[in-house]
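Starting from 1, each residue takes its place in the sequence as its number. Just so we're clear, the structure is a prediction, and the values are computed from it rather than from any experiment.
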Amino acid sequence: MSTVGNATNIFWQELPVGRLERQKLLNQKGCVVWITGLSGSGKSTLACSLSRELYTRGKLSYVLDGDNLRHGLNKDLGFKAEDRTENIRRVGEVAKLFADAGLICIASLISPYRKDRDACRAMLPDNNFVEASSFWMVYMNMPLALCEQRDAKGLYKLARAGKIKGFTGIDDPYEPPLNCEMEINEKDGVCPTPGAMAGEVVSYLEEKGYLHDNI
Ligand SMILES: Nc1ncnc2c1ncn2[C@@H]1O[C@H](COP(=O)(O)OS(=O)(=O)O)[C@@H](OP(=O)(O)O)[C@H]1O
Ligand SMILES: Nc1ncnc2c1ncn2[C@@H]1O[C@H](COP(=O)(O)OP(=O)(O)O)[C@@H](O)[C@H]1O
């Protein structure tokens with residue numbers, strides 16, 4: 001019996017089917033690919049391309065997209081610092097469940113604060129069967145000027161006009177990762193195609209042994 005946060009007198013229920021059995025069923029290993037970066041940096045584009053590529057290889061993934069989760073699970077949260085922190089914490093917990101379920105969970109959120117991303121990393125256990133953590137961070141390192149030029153949703157324009165307050169990169173900070181597993185950059189001023197970005201992540205998953213069960 002224990003107390004966790006505000007929950008008192010709670011018990012951990014052991015469950016009959018375990019992570020390893022689920023992984024065997026799916027012939028893959030559960031993990032989290034956490035994509036961070038400015039609005040417009042290409043997080044959702046990579047997440048979509050990656051999940052499609054995994055699907056064509058017969059691998060089960062699920063995308064947790066910040067914008068989409070804010071339509072449901074996180075609709076009570078705004079964009080002030082403590083709301084973003086709670087947003088990332090909840091998504092980290094959900095991602096952990098998906099990874100435990102055996103899925104390749106692709107989380108795509110701005111996640112601007114280092115301490116919040118690090119807290120999510122700390123939630124995920126090291127995988128004893130591969131030489132890598134089951135939490136990988138991909139940093140979409142695109143210049144603000146490019147994101148602002150893309151402005152797919154018109155939000156930068158509104159932020160510059162002062163109609164959105166606390167917009168990441170404009171008047172709210174983005175803290176670049178110091179410890180990410182992969183960084184996507186422009187090369188010679190050109191952004192890699194969505195397929196190339198996804199291919200890079202798939203190669204990494206393959207190399208680290210996540211696309212097979214073989215336990
Ligand atoms: N103030 C402010 N700052 C940044 N972004 C804003 C803001 N207001 C609304 N939006 C829209 O919300 C999307 C980001 O949601 P996230 O859950 O990923 O944000 S966060 O991780 O909690 O910072 C983000 O989506 P993406 O463009 O896909 O990143 C925006 O469409
Ligand atoms: N690799 C890329 N090459 C060209 N355009 C891209 C690329 N990645 C994203 N884009 C475009 O940039 C815009 C923002 O991408 P999106 O994936 O929505 O970013 P985010 O999810 O980070 O806000 C979209 O119009 C998208 O088509």
Side-chain angles (χ1 to χ4, degrees), residues 17-38 40-69 88 91-111 114 117-142 176-188 190-215:
V17 181
R19 177 176 186 153
L20 298 186
E21 288 171 291
R22 288 188 289 273
Q23 292 190 164
K24 218 167 189 48
L25 200 64
L26 294 168
N27 189 27
Q28 62 185 51
K29 297 187 189 82
C31 62
V32 176
V33 179
W34 189 280
I35 307 173
T36 176
L38 291 171
S41 59
K43 301 181 298 297
S44 304
T45 302
L46 170 57
C48 293
S49 181
L50 176 58
S51 63
R52 173 56 64 187
E53 179 59 29
L54 288 169
Y55 177 80
T56 61
R57 289 168 178 247
K59 301 297 160 192
L60 188 58
S61 67
Y62 194 84
V63 176
L64 298 175
D65 186 272
D67 245 341
N68 290 358
L69 293 173
I88 302 314
V91 179
E93 291 285 359
V94 174
K96 179 180 169 178
L97 295 176
F98 274 100
D100 188 53
L103 275 71
I104 296 160
C105 179
I106 305 164
S108 149
L109 296 96
I110 296 178
S111 40
R114 212 170 275 141
R117 295 188 303 259
D118 289 347
C120 288
R121 182 189 287 281
M123 281 180 207
L124 268 288
D126 280 341
N127 191 315
N128 297 328
F129 298 96
V130 292
E131 287 174 23
S133 155
S134 48
F135 179 95
W136 301 342
M137 197 141 58
V138 180
Y139 171 33
M140 301 300 301
N141 187 5
M142 295 297 151
L178 303 173
N179 57 349
C180 60
E181 279 71 16
M182 192 176 288
E183 191 172 315
I184 310 268
N185 304 85
E186 287 185 308
K187 290 178 187 77
D188 300 324
V190 180
C191 182
T193 64
M197 298 191 294
E200 210 177 314
V201 181
V202 169
S203 301
Y204 194 75
L205 286 164
E206 181 78 71
E207 184 192 317
K208 299 293 180 190
Y210 274 92
L211 301 187
H212 303 283
D213 161 52
N214 63 22
I215 298 166

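- Partners of Asp67 by salt bridge (Lys or Arg N to Asp or Glu O under 4.0 Å), not counting sequence neighbours, listed by chain and number: Lys153.
- Closest heavy-atom contact between Ser44 and Ser108: N-OG, 3.7 Å.
- Partners of Arg22 under the side-chain hydrogen bond (donor to acceptor under 3.5 Å, both in side chains) rule, at least two apart in sequence or in another chain, are Asp100.
- By the 4.5 Å heavy-atom criterion applied to side chains, Arg114 and Pro176 are counted as neighbours.
- Remark: Ala196 pairs with Pro192, Thr193 by the side-chain contact (heavy atoms from CB on, under 4.5 Å) rule, at least two apart or across chains.
- Side-chain atoms of Lys208 and Lys29, non-hydrogen and from C-beta on, never get closer than 4.5 Å to each other.
- Aromatic ring orientation, Phe98 versus Tyr62: parallel (interplanar angle below 30°, classes split at 30° and 60°).
- With sequence neighbours left out, Asn141 forms a side-chain hydrogen bond (donor to acceptor under 3.5 Å, both in side chains) with Tyr139, Glu183.
- Tyr55 is linked by a ring pair (Phe, Tyr, Trp, His ring centres under 6.0 Å) to nothing, counting only residues two or more places apart in sequence or in another chain.
- In this structure, Met142 and Ile184 have side chains that are in contact, with non-hydrogen atoms separated by less than 4.5 Å.
- The side-chain heavy atoms of Leu205 and Cys31, taken from C-beta on, include a pair separated by under 4.5 Å.
- Proximity of Asn179 to Met137: side-chain heavy atoms (C-beta onward) are separated by under 4.5 Å at one or more points.
- Under the side-chain contact (heavy atoms from CB on, under 4.5 Å) test applied with Ser51, the options Ile106, Val33, Leu60 reduce to a single match, Ile106.
- Scored by the side-chain contact (heavy atoms from CB on, under 4.5 Å) test, Lys59 finds Asn27, Gln28, Leu54, Arg57, Ile104, Leu211 as partners (sequence neighbours excluded).
- Distance check: Leu109 CG to Asp65 CG gives 7.0 Å after rounding to the nearest 0.5 Å.
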